[in-house]
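Everything below concerns the one structure shown next.
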Amino acid sequence: MKLIGHRSSNRGGRRGAILAAGAVLAASALALTGCTPTSSGSSNNSSSDSGGDKTITVWHYFSDPNQVKVMTDYKDLFEKNNDGVTVENVYVPYDQLNSKLISAVGAKTGPDVVVFNGADASTLALGGALAPMDDQWNSFADKGQFPDSVVHKLDGKTYAVQGYVNLLGLWYNADILDEIGVTPPKTMDELNAALKKAVDAGHGGITLSGLPQSQGEWQAYPWLSSTGFSYDNPDAGKLEQAFDMIKSWTDSGALTRQAVTWDQTVPFQTFAAGDVAFAENGNWQIGTAKSTAKFNYGVVPLPVGSEGKVYLGGEGEGIGAFSKNPDLAWKYLEETYYSPEGQLIALNDVGSLPARTDAASDTSISSDPLLAAFATTIAENGASYPADAVPPASVADQQLAVGQVWSAVIGGQTAPADAATKLVTQLQPLLEKK
């Protein structure tokens with residue numbers, strides 16, 4: 001296997017300055033407003049300093065081996081630099097993490113550190129699951145390395161910060177494309193023609209997630225926006241065009257209806273097995289591709305045109321509202337997710353793009369063209385996650401509504417016209433400014 005356009009084992013994209021600019025653009029809608037829970041800790045006198053328990057728990061939803069490796073590497077790094085400290089990484093399935101965190105609030109318990117979908121910052125903060133960390137963040141010597149766009153706030157208080165930026169691209173199996181005589185697509189017409197040729201040659205066309213929740217909405221948004229759909233002014237006609245295209249993929253066999261049961265890990269594993277031409281998936285899959293794929297592959301920007309948008313997201317990291325060791329939890333974040341060393345660990349393990357401007361300029365990034373597609377997308381099609389037009393209190397419901405309709409179209413339960421009408425009807429009250 002080789003990576004198309006890949007040199008050595010470095011994982012990078014365009015020049016670090018481009019990625020730094022991408023970090024500035026990422027998640028620009030994450031400055032959120034609303035009501036706030038109270039903090040459970042301060043920046044002084046933690047139990048770790050007073051000789052108490054030196055164990056911290058970190059809740060996350062990663063199941064991909066390379067993403068799990070990031071958690072293990074962070075654990076090893078922090079324990080090595082802090083004698084007597086133990087980090088317990090606790091896996092909670094993606095679709096259960098928010099509910100378990102909110103449930104824990106009622107019992108005044110929960111993790112010390114939370115690693116969550118950055119778009120859920122408002123949901124978790126409004127639910128009282130995150131502690132404000134303004135004292136820690138404001139005293140952090142390196143906070144100037146982070147653009148405001150990756151700092152998650154609610155009612156003016158800081159609840160989490162993204163250590164890195166993630167986004168979607170179009171992965172392709174170069175061996176299949178050579179076989180069917182096509183080049184990596186730059187337009188939707190080229191993609192649709194390539195899908196037909198791939199299916200006609202006996203291959204799978206494309207893999208993606210059709211889960212009826214936020215992962216589905218995350219992967220749906222580029223295709224929905226490619227026809228001009230926007231949350232600023234939802235239009236059923238434009239939605240129907242996008243759903244018609246997705247239906248054509250499932251009708252032809254280019255996209256399996258099994259996608260309705262797939263999170264973002266399974267589609268890439270299916271692509272990496274070698275018999276599918278394309279995968280809509282993210283930069284965090286670079287490690288999986290390198291360790292698993294036995295064929296030539298590459299990545300290009302999703303061919304969604306000038307109107308199409310791709311969410312710029314990634315995980316947010318914060319302190320649990322009822323952490324028993326809030327200062328030790330902050331120290332963990334400071335030395336892992338928020339440090340140059342920690343951000344390069346995430347880059348090297350999975351290909352996540354550093355949020356720190358100094359880490360984004362590291363030569364290990366600028367020397368490698370593999371992430372060029374993602375860097376191009378950041379500059380040309382990047383969109384805030386969640387969308388600016390979605391009120392913070394409505395984010396969870398908006399993601400669920402879109403994810404469910406997206407899944408119903410892929411699964412064949414709802415016709416495109418009916419799906420478009422239903423979704424616009426559901427979105428209208430959610431998008432009203434309170």
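The basis for the numbers below is simple: all heavy atoms, side chains too, and nothing from hydrogens, waters or symmetry mates. The chain is numbered in sequence order, starting from 1.
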Parallel, tilted or perpendicular: rings of Tyr311 and Tyr385 (30°, 60°):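 Aromatic pair Tyr385/Tyr311 classed tilted.
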Residue pairs passing the side chain to side chain donor-acceptor pair (under 3.5 Å) test where at least one lies in residues 185-199, sequence neighbours excluded: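 Found Asn192-Trp249, Lys196-Asp200.
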Looking at side-chain heavy atoms only, is the closest gap between [X] and [Y] below 4.5 Å?
X	Y	answer
Leu353	Ile378	yes
Phe62	Val115	yes
Leu170	Ile206	yes

Option among Phe268, Phe278, Phe295 that satisfies the ring pair (Phe, Tyr, Trp, His ring centres under 6.0 Å) test with Trp171: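 Among the candidates, only Phe268 passes.
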Residues forming a ring-ring contact (aromatic ring centres under 6.0 Å, His included) with Trp59, sequence neighbours excluded: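 So Trp59 forms no ring-ring contact (aromatic ring centres under 6.0 Å, His included) with any residue.
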Qualifying residues under side chain to side chain donor-acceptor pair (under 3.5 Å), relative to Glu79, sequence neighbours excluded: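 For Glu79 the side chain to side chain donor-acceptor pair (under 3.5 Å) partners, ignoring immediate neighbours, are Lys75.
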Set of residues satisfying side chain to side chain donor-acceptor pair (under 3.5 Å) with respect to His60, sequence neighbours excluded: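 Partners of His60 by the side chain to side chain donor-acceptor pair (under 3.5 Å) criterion come out as none, since no residue qualifies.
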Any donor and acceptor pair, going by atom type alone, linking the side chain of [X] with main-chain N or O of [Y] inside 3.5 Å?
X	Y	result
Asn381	Gly308	yes
Arg356	Gly163	no
Gln162	Gly313	yes
Ser407	Gly403	no

Minimum heavy-atom separation for [X] to [Y], with atom names?
X	Y	answer
Leu430	Pro391	O-CD, 3.4 Å
Pro222	Leu168	CG-CD1, 4.3 Å
Val395	Ala119	CG1-O, 3.5 Å
Lys309	Ser225	N-OG, 2.8 Å
Gln343	Pro354	OE1-CB, 3.2 Å
Trp223	Ala242	O-CB, 3.6 Å

Is it true that [Y] and [X] share a donor-acceptor pair across their side chains at a distance under 3.5 Å?
X	Y	value
Tyr94	Ser214	yes
Asn66	Asp349	no
Glu335	Tyr74	no
Tyr337	Glu315	no
Asp64	Thr288	yes
Gln264	Trp218	yes
Tyr332	Asn82	no

Carboxylate-amine/guanidinium contact Asp95 Lys100, below 4.0 Å: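 Looking at Lys100 together with Asp95, the answer is no, because their closest N to O distance does not fall below 4.0 Å.
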Close aromatic pair by centroid cut-off 6.0 Å: Phe243 and Phe229: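 Centroid distance Phe243-Phe229: not below 6.0 Å, so no.
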Aromatic contact, Phe146 with Trp137 (centres under 6.0 Å):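 That pair passes the under 6.0 Å test.
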With Thr207 via side-chain contact (heavy atoms from CB on, under 4.5 Å) - residues at least two apart: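 side-chain contact (heavy atoms from CB on, under 4.5 Å) check on Thr207 returns Trp262, Pro267, Thr270, Phe271, Val276, Ala279.
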Qualifying residues under salt bridge (Lys or Arg N to Asp or Glu O under 4.0 Å), relative to Asp244, sequence neighbours excluded: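 Once residues adjacent in sequence are excluded, Asp244 has no partner under the salt bridge (Lys or Arg N to Asp or Glu O under 4.0 Å) criterion.
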